[in-house]
**Student:** 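Okay, handing you the structure first.
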Amino acid sequence: MDHPFLSELAWRGLLHQTTSPELAGHLATNGRVAYCGFDPTSDSLTVGNLLPITILARWQQSGHRPLVVMGGATGSIGDPSGKSAERQLLGLDQVRTNVISQRPIFERLLDFSGRHAASIVDNAEWLMKLGYVELLRDVGKHFSVNQMVARDSVATRLEGRDQGISYTEFSYMILQAYDFLHLYKTAGCTVQLGGADQWGNICSGIDLIRRIEGGEAYGITNQLVTKADGTKIGKSESGAIYLNAHRTSPYRFHQYWLNATDADALRFLRWFTFLSRPRVEELEAEQARDPSGRPAQRALADEMTSMVHSDAEMKRAKECAKALFSGDIRSLDVRSAVDVAADLPSVRMARAEFAGAGRSIIDLLTMPGLALASSKREAREFLEAGAVAVNGEPTSLGASITASSLLHGRFAFVRRGKRQWAVVEAVD
RNA sequence: GGGCGAAUACUCAAGCGGUCAACGAGGACAGACUGUAAAUCUGUUGGCUUAGCCUUCGUAGGUUCGAAUCCUACUUCGCCCA
């Protein structure tokens with residue numbers, strides 16, 4: 001027999017391994033607690049961190065309780081798993097502020113009320129209090145260095161002559177195992193979720209629980225996902241795609257998914273969205289029938305944007321895209337123009353700047369904040385290639401923006417290439 | 001502690017006294033073709049007031065008419081010996 005949570009992960013192509021055949025039986029009772037750890041190495045989570053959060057959400061939807069563990073303590077050490085080189089240590093203050101700023105996204109995707117309420121804890125709460133001698137006595141005793149050295153994550157670092165591993169990182173797995181033990185005892189947590197690279201760490205925790213508490217705990221790992229070309233998900237031309245509207249606007253976020261290749265869009269629908277299996281299969285069929293309509297990309301972009309931001313933001317992003325790509329910019333009325341402008345990188349300039357001969361287009365392209373051209377040389381290159389349009393008008397090297405070329409007397413929507421947009425607004 | 005070697009633009013990687021703003025590859029960006037795709041082809045990839053000028057080859061000095069290239073010191077990393 002298979003629990004719905006497991007079969008859900010399986011058809012989505014996410015299930016990698018489970019630690020025990022009895023797991024399904026264990027899950028048959030509702031209200032089980034599973035935890036997943038997150039490294040607070042950045043102040044905002046990116047698309048790359050989204051997968052484990054959605055898995056916790058699926059866990060909750062199947063009638064269990066999710067527990068988010070922020071690695072306030074372990075994050076300052078660094079997990080050697082999947083890392084080829086020693087990590088940079090983060091300051092404790094930095095970790096603390098990162099933990100705080102990451103919270104909202106969890107609150108958006110998980111339900112913190114009701115019978116199976118989610119909760120968030122920071123492992124600094126217990127790990128920081130832990131004495132070194134105490135840890136060696138009570139926990140270290142149960143770890144065999146022979147086994148630790150045999151772990152893939154450690155072994156590769158030992159083989160690599162020019163890499164090495166510090167004692168600090170070597171000890172990481174002990175702390176993660178201790179986390180699991182602590183949560184088992186204090187929160188009744190019996191399951192740990194994580195990526196396939198976490199398998200070793202999860203097993204360490206399960207062993208520790210069995211040895212010290214004589215208890216049974218389980219682990220479920222998900223496939224590590226990448227784009228069809230093998231590169232990381234969530235990296236774009238202009239850097240990482242963040243989940244925070246402040247770092248990546250909902251419009252940019254929506255565009256990121258919309259621009260996925262066909263193969264990726266279909267995979268992403270399974271991995272990241274909460275669309276049902278029949279709906280996903282329907283979209284797959286549609287995509288096969290009419291690839292140029294890109295039904296999969298459209299559905300993906302809409303789903304993701306309303307999931308991470310909101311329905312309203314998703315609609316705005318769509319409107320915005322429609323105006324910029326299919327419509328004529330000049331046909332936008334004042335209200336829509338203001339809306340669209342709000343979602344694009346923008347700069348305000350005094351109206352007087354555009355009087356008379358106006359401002360040269362090169363000056364506008366290189367304005368910091370617009371991210372259209374990084375130097376005048378590059379701006380010239382774009383202009384010579386015919387890559388720049390202002391308010392829908394192709395623009396060439398010598399051109400200037402004058403008061404009369406502004407849309408509604410206020411806006412200059414500047415496009416570079418096919419889809420980089422920015423707006424200059426004239427203000428009094 | 002001793003010996004040897006390395007450090008070049010986003011990454012890898014040539015260059016070893018003038019012809020070097022620095023070969024090549026990858027990446028990235030732009031153009032054509034397209035579906036705001038993929039693949040392919042073309043171009044660009046330090047900056048500027050662009051037939052020219054200015055600033056770059058770990059850091060600081062030095063030799064020379066002239067240095068990424070030679071010398072000295074320092075910093076960092078790697079290998080070998082203790």
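Excluded from the calculations below are hydrogen atoms, water molecules and symmetry mates; all remaining heavy atoms, backbone and side chain alike, are included. Below, chains carry the letters A, B, ... as their sequence lines are ordered, and counting in each starts from 1.
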**Student:** Using heavy-atom distances to pick each residue's nearest nucleotide on RNA chain B, tell me which of A:His254 and A:Phe382 is more 5'.
**Tutor:**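 It is A:Phe382, whose closest nucleotide lies nearer the 5' terminus.
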
**Student:** Below 4.0 angstrom, N of the basic side chain to O of the carboxylate: do A:Arg380 and A:Glu384 qualify?
**Tutor:**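 Here A:Arg380 does not pair with A:Glu384 in a salt bridge, since their nearest N and O are not under 4.0 Å apart.
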
**Student:** What is the per-nucleotide protein-contact pattern of nucleotides 42-54 of chain B, from the 5' end, where B denotes a base atom under 4.0 Å from a protein heavy atom, S denotes such proximity for sugar-phosphate atoms only, and - denotes neither?
**Tutor:** --SS-SSSB----

**Student:** Spell out, as yes or no, whether a donor-acceptor pair under 3.5 Å connects the side chain of A:Arg416 to the backbone of A:Ala387.
**Tutor:**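 Here the side-chain-to-backbone pair does not exist.
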
**Student:** Going by purine N1 to pyrimidine N3 plus the second Watson-Crick contact, or the G-U wobble pair, all under 3.5 Å, which nucleotide sits opposite B:A82?
**Tutor:**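 Per the H-bond distance test, none.
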
**Student:** What integer number of Å spans the P atoms of B:G58 and B:C12?
**Tutor:**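 The same atom, P, in both gives a distance of 14 Å.
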
**Student:** Salt bridge or not between A:Asp428 and A:Arg351? Use side-chain N to carboxylate O under 4.0 Å.
**Tutor:**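 Salt bridge present between A:Asp428 and A:Arg351.
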
**Student:** Tell me the partner of B:C12, counting only Watson-Crick (N1-N3 plus N6-O4 or O6-N4) or G-U wobble (N1-O2 and O6-N3) with both under 3.5 Å; none if nothing fits.
**Tutor:**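 Looking at the geometry, B:C12 pairs with B:G24.
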
**Student:** Return the pairing partner of B:G52 with a 3.5 Å limit on both distances, Watson-Crick or G-U wobble; otherwise return none.
**Tutor:**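 Partner of B:G52: B:C48.
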
**Student:** When rounded to the nearest Å, what value does the distance between C1' atoms of B:A7 and B:C74 take?
**Tutor:**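 It works out to 14 Å between them.
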
**Student:** Mind checking if A:Glu384 touches a base, just sugar-phosphate, or nothing, with heavy atoms under 4.0 Å?
**Tutor:**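 No contact.
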
**Student:** For the pair A:Phe413 and A:Phe411, name the ring-plane relationship: parallel under 30°, tilted 30 to 60°, perpendicular over 60°.
**Tutor:**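 Taking A:Phe411 first and then A:Phe413, their aromatic rings sit tilted (interplane angle of 30° to 60°).
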
**Student:** Is it true that A:Arg270 and A:Glu284 have a side-chain N and a carboxylate O under 4.0 angstrom from each other?
**Tutor:**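 Yes, charged N to carboxylate O under 4.0 Å.
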
**Student:** If the P atom of B:C33 is compared with that of B:G27, how far apart are they to the nearest Å?
**Tutor:**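 Looking at atom P only, B:C33 and B:G27 are 23 Å apart.
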
**Student:** Between A:Glu282 and A:Arg279, is there a salt bridge with N-O shorter than 4.0 Å?
**Tutor:**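 So A:Arg279 pairs with A:Glu282 through a salt bridge.
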
**Student:** Please identify which of these residues, A:Lys315, A:Lys318, A:Gln297, meets the side-chain hydrogen bond (donor to acceptor under 3.5 Å, both in side chains) condition with A:Asp302.
**Tutor:**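 The residue from A:Lys315, A:Lys318, A:Gln297 that satisfies side-chain hydrogen bond (donor to acceptor under 3.5 Å, both in side chains) with A:Asp302 turns out to be A:Lys318.
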
**Student:** For B:A32, which nucleotide in any strand shown is its Watson-Crick or wobble partner with both distances under 3.5 Å?
**Tutor:**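 B:U40 - that is the nucleotide pairing with B:A32, both distances being under 3.5 Å.
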
**Student:** Measuring only the C1' atom in each nucleotide, how far is B:U42 from B:A51? A whole number of Å is fine.
**Tutor:**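 The same atom, C1', in both gives a distance of 25 Å.
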
**Student:** Rounding to an integer number of angstrom, what distance separates B:U45 and B:A21 when you compare their P atoms?
**Tutor:**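 That atom pair is separated by 14 Å.
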
**Student:** Suppose you measure atom P in B:C4 against the same atom in B:A9; what distance do you get, rounded to whole Å?
**Tutor:**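 Result for the P pair: 27 Å, nearest Å.
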
**Student:** Taking atom C1' in both B:U75 and B:A60, what distance in whole Å separates the two?
**Tutor:**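 Comparing C1' positions in B:U75 and B:A60 gives a spacing of 11 Å.
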
**Student:** Roughly how far apart, to the nearest Å, are B:C16 and B:U11 at atom P?
**Tutor:**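 Between the two P atoms, the distance is 23 Å.
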
**Student:** So which nucleotide does B:U75 pair with, by the Watson-Crick or G-U wobble rule with both distances under 3.5 Å?
**Tutor:**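 Base-paired to B:A7.
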
**Student:** Under 6.0 Å between ring centres, would you say that holds for A:Phe180 and A:Tyr35?
**Tutor:**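 Centroid separation for A:Phe180 and A:Tyr35: below 6.0 Å.
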
**Student:** Is any side-chain heavy atom of A:Phe5 closer than 4.5 Å to a side-chain heavy atom of A:Ile55?
**Tutor:**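 Yes, at least one pair of side-chain atoms sits under 4.5 Å.
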
**Student:** Set out, line by line, the N/O atom pairs under 3.5 Å between protein and nucleotides 37-41 of chain B.
**Tutor:**
from: B:A37; atom 1: OP1; to: A:Arg419; atom 2: NH1; distance (Å): 2.3

**Student:** State whether the number of non-hydrogen atoms from other residues, nucleotides or ligands found under 6.0 Å of A:Arg277 atom CZ is greater than 12.
**Tutor:**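 Yes - once you tally the heavy atoms of other residues, nucleotides and ligands closer than 6.0 Å, there are more than 12.
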
